[in-house]
Structure formats: C-alpha cells, structure tokens
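All remarks here apply to the structure that follows.
All values derive from a computational prediction rather than experimental measurement. Throughout, a chain's letter reflects where its sequence line sits, starting with A, and its residues are numbered from 1.
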Amino acid sequence: GNSVTQMEGPVTLSEEAFLTINCTYTATGYPSLFWYVQYPGEGLQLLLKATKADDKGSNKGFEATYRKETTSFHLEKGSVQVSDSAVYFCALGDAGGTSYGKLTFGQGTILTVHP
Amino acid sequence: EAGVAQSPRYKIIEKRQSVAFWCNPISGHATLYWYQQILGQGPKLLIQFQNNGVVDDSQLPKDRFSAERLKGVDSTLKIQPAKLEDSAVYLCASSLAPGFTYEQYFGPGTRLTVT
C-alpha cells in the first residue's frame with residue numbers, strides 16, 4: 001500500500017537558517033504529493049503541492065520538487081523565520097482507485113525556529 | 001468565507017462510554033472527510049463522503065465507529081463503546097469535489113481523551 005516517511009524531528013533552527021525536511025514515499029502509479037502545515041492552535045493548511053514528476057510546488061518561500069526517480073518530495077526554505085514554527089506533514093494523494101481524493105500522511109516533523 | 005466547523009473542541013470520557021462529534025463543512029463542498037490523528041502520527045482517513053453517500057470507509061472500525069452525513073451537509077462521527085486507543089484528535093475536512101484539483105480544507109479538530 002501507499003506510505004510516506006518523513007525525517008525524524010523535532011528540528012530546531014535559528015532565524016534565517018536554511019531548512020530541509022526530507023520526505024520519501026511508496027506508491028503505485030502516479031500520485032500527487034503535498035506538504036501541509038499545522039501552526040500552533042490551528043488546523044492543517046495546504047502549503048504546496050505537485051501533481052506530476054519534476055513539478056515544483058512553492059508557497060511562502062517554501063518549495064519542494066517531485067522526484068520520481070528517488071521517490072522524494074523534500075521541503076526546503078532558504079531563510080526561516082520564527083513564524084515558520086509549526087508541524088509539517090508530507091502527504092500523498094492516490095489518483096486512482098475508489099477513494100479518489102484520499103490522502104496518506106507522514107508522521108509529521110516539528111519545526112522550532114529561535115530568534 | 002467561513003471555514004470547516006467542528007464541535008466539541010475537547011472531550012474526555014471513560015472507556016466503554018459513547019461520544020459523538022459534529023462537523024459543518026464549507027458551504028457548497030460536496031466531499032467530506034473524517035481523519036483520526038493519534039499523537040505523534042499523521043492523520044489517517046476514516047471515512048469519505050460524496051454528498052450523503054459513502055465513498056470509502058475501509059479504515060473505519062465499523063464495530064464501534066459510525067458516521068453519517070444527512071442531506072449532504074453536516075456530518076456526525078460516533079464511537080460506541082470507546083476504547084483507550086481511541087484517544088486522538090478527530091479532524092474533519094471538506095473539498096468542492098473529490099480529487100486533487102480541489103484543496104481539502106481542515107477544521108480545528110476535536111481532541112478526545114478516553115480514560
């Protein structure tokens with residue numbers, strides 16, 4: 001079945017540091033890939049997505065590239081801010097089958113950014 | 001535009017008791033999802049509705065969990081009887097339609113503690 005593996009957290013960085021959160025997946029076919037973010041006290045929000053190989057999703061300075069050859073979708077940001085402190089979830093969307101729209105999530109990575 | 005509403009936000013019950021959660025999706029959203037998020041894990045899909053019909057309930061523990069979506073709008077998720085391992089955050093999400101062209105919008109969740 002489908003699965004998503006994220007790097008273990010928590011991740012602690014200083015403001016303006018470079019961020020990478022690794023995500024790899026296992027899936028049949030050609031899934032869509034997503035990063036969701038959960039800020040303290042808030043619900044999950046879509047951060048970015050990519051629907052086919054070599055697509056790059058980007059939003060709020062974050063970006064991730066869909067790499068089919070390495071089955072990866074790593075999240076990066078060049079300069080993090082304190083306001084980026086949150087839990088980040090990588091997710092896979094199955095494009096086929098009976099549950100069109102079903103998301104499979106990784107376990108989440110807690111990011112804390114210090115001033 | 002109002003987001004996905006859920007209630008209650010917190011619930012504490014003893015094992016073997018019953019509990020119900022309510023979700024009001026974004027107006028006009030035909031697809032509704034219930035996810036279970038156990039502490040330290042990513043959300044796991046329990047059930048997906050398209051209007052008032054069930055699309056996928058393959059991961060719903062049907063011996064104790066039930067869900068309905070009356071008139072294709074609000075939805076309730078019930079657990080009866082609850083077990084200790086049901087302690088989790090229950091997330092409701094909605095989208096205009098199934099598939100990944102349409103973003104899933106998440107509610108704030110209901111945190112259930114079973115003692």
Side-chain angles (χ1 to χ4, degrees), chain A residues 1-10 21 23-25 27 29-52 55 57 59 66 73 75 86-110, chain B residues 1-7 9-10 21 23-26 29-51 53-60 67 88-111:
Chain A
N2 296 338
S3 67
V4 176
T5 302
Q6 290 181 233
M7 66 183 288
E8 295 276 337
I21 300 178
C23 171
T24 57
Y25 68 90
Y30 302 94
S32 296
L33 299 172
F34 305 82
W35 278 100
Y36 278 81
V37 59
Q38 188 169 32
Y39 297 104
E42 299 184 18
L44 279 165
Q45 303 173 26
L46 178 64
L47 181 59
L48 54 84
K49 70 177 184 182
T51 58
K52 62 182 186 295
D55 266 3
N59 186 23
Y66 188 159
F73 192 55
L75 182 69
V87 184
Y88 292 81
F89 293 91
C90 185
L92 176 157
D94 196 339
T98 58
S99 55
Y100 190 45
K102 175 180 177 179
L103 292 171
T104 300
F105 286 86
Q107 75 272 29
T109 301
I110 299 172
Chain B
E1 177 183 81
V4 176
Q6 291 187 247
S7 68
R9 292 294 309 275
Y10 305 91
F21 312 127
C23 173
N24 179 238
I26 293 173
H29 281 197
T31 310
L32 187 146
Y33 310 81
W34 282 103
Y35 291 85
Q36 179 192 57
Q37 185 177 11
I38 293 172
L39 186 64
Q41 299 180 20
K44 182 185 79 172
L45 180 69
L46 292 176
I47 189 166
Q48 176 183 345
F49 291 94
Q50 179 62 21
N51 295 311
V54 176
V55 173
D56 182 0
D57 62 358
S58 58
Q59 297 193 86
L60 187 74
V89 176
Y90 291 85
L91 299 169
C92 180
S94 70
S95 62
L96 272 172
F100 304 112
T101 302
Y102 306 101
E103 180 178 344
Q104 289 187 29
Y105 292 85
F106 285 79
T110 296
R111 183 178 298 277

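- For B:Y10, the OH atom is loosely surrounded, since the number of other residues' heavy atoms within 6.0 Å does not exceed 12.
- For the pair A:T109 (side chain) and A:M7 (backbone), a donor-acceptor distance under 3.5 Å is present.
- Looking at B:Q50, neither its backbone nor its side chain comes within 4.5 Å of chain A, counting heavy atoms on both sides.
- Looking at B:R9, its side chain does come within 3.5 Å of a backbone N or O of B:G109 through a donor-acceptor pair.
- When heavy atoms are compared at a cutoff of 4.5 Å, A:Q38 approaches chain B solely by way of its side chain, counted from C-beta outward.
- Contact annotation for B:L91: only side-chain heavy atoms (C-beta onward) come within less than 4.5 Å of a heavy atom of chain A.
- Interface summary for chain A: among B:A93, B:S58, B:G40, the most heavy-atom pairs under 4.5 angstrom belong to B:G40.
- With rounding to the nearest 0.5 angstrom, the CG atom of A:L103 is 7.0 Å from the OH atom of B:Y33.
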